[in-house]
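Structure record follows, encoded as C-alpha cells.
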Amino acid sequence: VLNDFWYVAARSAEIGAVPLARTLLNVPVAFFRTATGEVAAVRDLCSHRGAPLSRGKVLADRIQCPYHGLQFDASGRCVHIPNQRTIPASAHLRAFPLVEQLGIVWIWMGDPEAADAAAVPLTPWREGAEWNAETTYYYHVRASHLLMTDNLLDLAHVAYVHAGTIGFDPSRLERDPLVTEVEGRRVRNTRILPDVEPGPVVRDWGAFTGTVKRTSISEWVPPCFTFIRFVNEDAAAKVEMRIDHLITPETDRTHHYWVLVSRNFRIADPDLTRRMYEDNDRVHHEDVAIVEATQRSLDGCPDFREMSIAQDRGLNAAHRILAQLATSSAG
Amino acid sequence: VLNDFWYVAARSAEIGAVPLARTLLNVPVAFFRTATGEVAAVRDLCSHRGAPLSRGKVLADRIQCPYHGLQFDASGRCVHIPNQRTIPASAHLRAFPLVEQLGIVWIWMGDPEAADAAAVPLTPWREGAEWNAETTYYYHVRASHLLMTDNLLDLAHVAYVHAGTIGFDPSRLERDPLVTEVEGRRVRNTRILPDVEPGPVVRDWGAFTGTVKRTSISEWVPPCFTFIRFVNEDAAAKVEMRIDHLITPETDRTHHYWVLVSRNFRIADPDLTRRMYEDNDRVHHEDVAIVEATQRSLDGCPDFREMSIAQDRGLNAAHRILAQLATSSAG
Amino acid sequence: VLNDFWYVAARSAEIGAVPLARTLLNVPVAFFRTATGEVAAVRDLCSHRGAPLSRGKVLADRIQCPYHGLQFDASGRCVHIPNQRTIPASAHLRAFPLVEQLGIVWIWMGDPEAADAAAVPLTPWREGAEWNAETTYYYHVRASHLLMTDNLLDLAHVAYVHAGTIGFDPSRLERDPLVTEVEGRRVRNTRILPDVEPGPVVRDWGAFTGTVKRTSISEWVPPCFTFIRFVNEDAAAKVEMRIDHLITPETDRTHHYWVLVSRNFRIADPDLTRRMYEDNDRVHHEDVAIVEATQRSLDGCPDFREMSIAQDRGLNAAHRILAQLATSSAG
C-alpha cells in the first residue's frame, strides 16, 4: 500500500455529530466534526485500553472515549484523563491530515510533513455551473483494490459485463480499438466508436433514436483513481458525463469505492437525475459483482498465474507505475 | 485425496443452458452443456484474469468468460480472445473427462490418459424395468468425506442414529452380529435379523403387520462409494431396495453426498414414491447431522485419538485399503 | 488459563433430562443429570469416534452416545459397548468434579485430587431470608475474559459506560476518589459518593427524590470473580444490592458471564423484581458491548500497547496476582 497519497475518507455528510468509524489502509480511524465544523481524524483506539473512540461522544472540539472518559482534540493530543493531573506523552493519538473539498473528505495516511493540500486531485467539472454533480455512490467491496483498478483500466469489459446497461456490440472491439497513452504517471485509454447503438440505458438519457458517436476517455492516476469522460452524441443531442472512480483500500482483501457522476445536460431535471442514479447504480453493481467473484476465484487458487492479452496495455502500464512507486517509497 | 478414480460431479439435470459451478477435490470446476447436448467441464478460472467462467454464457459449443469475453471449447482450448489474433498456449484451460450415465455425470480429476469410461461403477438395478430408480438426493455436508464413509461402513449406527426411522432394537446387535468380508479392494458387511420389528417407517412401506426378516448387505468400493441392498420380508410381502451412497470430496472439511434409491416393489405407485422420498430424506438428514456434529467435535479437539471396537472390522479394512491406495498413487 | 480453581459451569436449571453441551477453558463438556438428581460432567467426545455425547440420551445414571450406543456413567467410566464384552481402559472418559450450590453448578477442570468443595466461593447473601436472590443472568461474550475482568475492576467506567442507567456525574471521580486495597490475592475497590444524584434507573428503585449517599465496594477474587456491594441511601430509604459477577473462559477469545443479583429491599415485590431485571439487563449489555468492541479493536491492532492511568491501581494489582498464579501453576 502506498501511504504518501491523498485518499478519499468519506463524503462530507457522513461526518457529523456522531463519530464515524472506518478502516483505511488497514488503520482504524475515528472521524468527527468539531463544533466549529472542522473535520478531524484520529486512530480509533484509545491510548489507555484500546476502546474504539468512534463509539464515544464529541464534546465541542474533542472526542471522549466511551469507556473511561479520556478526551482527545483534533490533533490527537490527549487533553483530559479523569482523576489525573499529568498527561504522559504516550497518551496522545496519531491524527491524520484531512482536506474537505466539494463534498469529499480526503485523508493523508503517510508522513504528515509531506501532506500538501494542493496535491488533492482536482475535479473542476464538479463545481462549474453547467454541471449537475449531485449524484455520488459508495460501495464496500470484498476484493483487493487492485482488482477494481484493473476493472476500470480495461474498457473492453464494458461490452460484456455491462451488456445490459451501457455496453455495446463486442464485435466493435476489433473495428474501433482502444488507444493507450502513458504520460508520466498517468495512463489514458481512449475508445471512439463513430457509429454504434447506444447502450440500453444510455439511449434513454439522450432520447437517441438511432446510432451515436460514442467516446470514452479514461484517465488513471495513481494510486487508485480513474477519471472517465463519457460522451454519446448524434445530430440532435449530446450527453456528456464525468465519472470519477475513487478507491481507498480498507484491508488487503477489501476496499472502499466511491463513484461521483457529473453531467452537463438537462441538469435541472430531477426525474432524469433519479433515473440516471438508478441506471448507474446497476452499472456499478455489475462491476462490484464481477470483481468480488474474481477475488473469490483467486482466493481459492493461490497458484493462479494471470495472462496478458492485447487490450491489457494500459493496465500493464499502470502496474509498472505502481511497482515503481512502491519501490521508491520503500527506498 | 485419490485422484485416479471416477467421482460423481452432478445429476444430469443440474447441467444445462446455465453453467454450474462446483468445487470437487479442492478444484473449482465450471460445467456446461453444449448445444448438441454434450456435458463439458473446465477449470473455473479464466486463464486471463481468473474470473469464474461459471458466471459466463454458453454459446453453442463454447463457454464465454463473463469479464472480457474469452471463449473456450469443451476440451478447454481457448478459441477466441477479443481483439487479438494469436492465442498463446497459456490461454488454454484444464478440462476434465466426463461420463454421463443413468442420469449421473461422472468426472475424472486425475491423469486424463488413465480415464477409462468402463471403470465407472455400474448400478444395473437403476436400469432394469422391474425397478423404480427415479428418486435421488443431494446433500452438501460440512464434514470430511472420511467421516461419512465411516458412517456408512458401520451398520450398528442404524440402531441408534435411525431409531425413529429405519432402526431396530439395539439388543439385536449382539444376537445377530455383523459378518464382514474383504474381497480385494471391496468390503462387504452383512447383517441378517431373521425375526425383528421393522423400522418405524419401513413397516408402512411393506404394509407389514408383525415381525420381518431383515437383510442388509453393504458393499464399500473405493474411494467413496457404498452400495447397500436392503430387504424386509414376511410371508405376505417383500420390499427390496438398493441404496447407492456416492460421495465426492469438495474440500478437506466438506463433501458432496448423493444417494440414489431404487426399489422393486409397487414401482408405479406415485404416492409411495413421494412418501418414501420423505422418509429416506429424514434418514439421510440423521446421518448428515451426526457426521457434521462429529466433525465439529473433532475440529475442537485436534489431539483426539479414536478407539476401535469389535464392530469396526469392516471400517478398519476400508481404512487399510485407502492407505494402500494413497501410498501406491503417491509412488 | 488457570485450571486449579472452581468455575461456574451452569445454572442448575440448565442441566436436566436433556444433556447440555458447553465448552469451558477450551474443553468441550457434556453435562447431564442422573435419575437420582446428581449432576455429572464428562468430556464431550465419545472415546470411540469422537461423536458429541451431549447429543445422546440419558439412561438413569448413564449417558449414551448418539452414534453407536456406548454408555458412560457419571464418573466417565465406559459401562457398555454394544456387541462387545471387554471394555478397554482407553474407552473411559475424563469426568469433572462438580458442586451444586444455591442454584449454581461449579466445575473443577484441574487436577481432580486437588478439588476441594470447601473452596467454592461463598455468597451467603444468596441464602438469607432477608434477601431476594432470584434474579440471575447469563451472557455469552465474544471477548477475552481478561477484558471483562478489567471492566469490573475499574469502577470509573460506570460514569461513562452506564451514564444512562446506574451512572453518575463524571466530575465526582476526582472529588470522591477510588480507594484500592490489596489483601493477599484479593483486590478491593471502594468508592463512596456522600451526596450525589442517583443513577437514572436507581432513582426509581429507592423512590429517591433528591441526592443519595452511594457506596460501591467491589472485591475481586481470582481467577475470574468480582463481588460488588452497591448501596444507595437517603434519610428515608436504603437500597442494598449484591452483584456477583462470575466469569468462565470459553475459548481464548470468548467467555461465559453470569451475573447474580440479590437485593434486601422490597424483596416480595414482583413488579420491582421484573423492573430491576430489565434495568440490570441493560447495564450488563452496556458492559458486554464495550468489552466486545474493545476486543474487536485489539484484534485489528495486534501491536497495541496499553497505558495505565491513576485509577488502574486495582486492575494492575489483579494483573500481578494473575501473573503470579500462572507462574506458580506452571511450576
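Both backbone and side-chain heavy atoms feed into the values below; hydrogens, waters and symmetry mates do not.
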Crowding at CD, Glu113(B) (>12 non-hydrogen neighbours, <6.0 Å):
no

Residue from Asp312(A), Leu147(A), Val158(A) scoring the most non-hydrogen pairs under 4.5 Å with chain B is Asp312(A)

Quick check: are there more than 12 heavy atoms from other residues, nucleotides or ligands sitting under 6.0 Å from CZ of Arg274(A)?
yes

Which of Ala51(B), Pro82(B), Ser47(B) touches chain A most, by non-hydrogen pairs under 4.5 Å:
Ser47(B)

Is it the backbone or the side chain of Ala21(B) that comes under 4.5 Å from a heavy atom of chain A, or both, or neither?
neither

In the structure I gave you, are the side-chain heavy atoms of Val161(A) and Pro66(B) within less than 4.5 Å of one another anywhere?
no

CZ of Arg203(A): more than 12 outside heavy atoms within 6.0 angstrom?
yes

Quick one: which of Ser171(A), Ala159(A), Ala156(A), Ala293(A) has the most heavy-atom pairs under 4.5 Å with chain B, could you say?
Ala293(A)

Between NE2 of His68(B) and CD1 of Ile309(A), what distance do you get to the nearest 0.5 Å?
7.0 Å

Using a 4.5 Å cut-off on heavy atoms from C-beta on, say whether the side chain of Met307(A) contacts that of Pro88(B).
yes

For Arg305(A), is it the side chain, the backbone, both, or neither that has a heavy atom closer than 4.5 Å to a heavy atom of chain B?
backbone

Minimal non-hydrogen separation, Thr294(A) against Arg49(B), with atom names
CG2-O, 3.5 Å

Part of Leu70(B) within contact of chain A (heavy atom distance under 4.5 Å)
side chain

Relative to chain B, which segment of Ala163(A) carries a heavy atom at a distance below 4.5 Å: side chain, backbone, both, or neither?
neither

Enclosure of Arg313(A) CZ (heavy-atom neighbours >12, cutoff 6.0 Å):
no

Top residue by heavy-atom pair count (under 4.5 Å) with chain B, among Leu298(A), Val291(A), Asn151(A)?
Asn151(A)

Just checking Arg11(B): does its CZ atom have more than 12 heavy atoms from other residues, nucleotides or ligands closer to it than 6.0 angstrom?
yes

Backbone N or O of Ala310(A) within a donor-acceptor pair of the Gln84(B) side chain at under 3.5 Å?
yes

Taking side chain as everything from C-beta outward and backbone as N, CA, C, O, which of these in Leu315(A) sits under 4.5 Å from a heavy atom of chain B? Side chain, backbone, both or neither.
side chain

I'd like to check Asn83(B) versus Leu178(A) (side-chain heavy atoms, cut-off strictly below 4.5 Å). Are they in contact?
no

Contact check, side chains of Cys65(B) and Tyr160(A), non-hydrogen atoms, under 4.5 Å:
no

Quick check: closest heavy atoms across Glu306(A) and His48(B), and the distance to 0.1 Å?
CB-O, 3.2 Å

Note, Pro28(B) side chain near Ser297(A) side chain (heavy atom, < 4.5 Å):
no

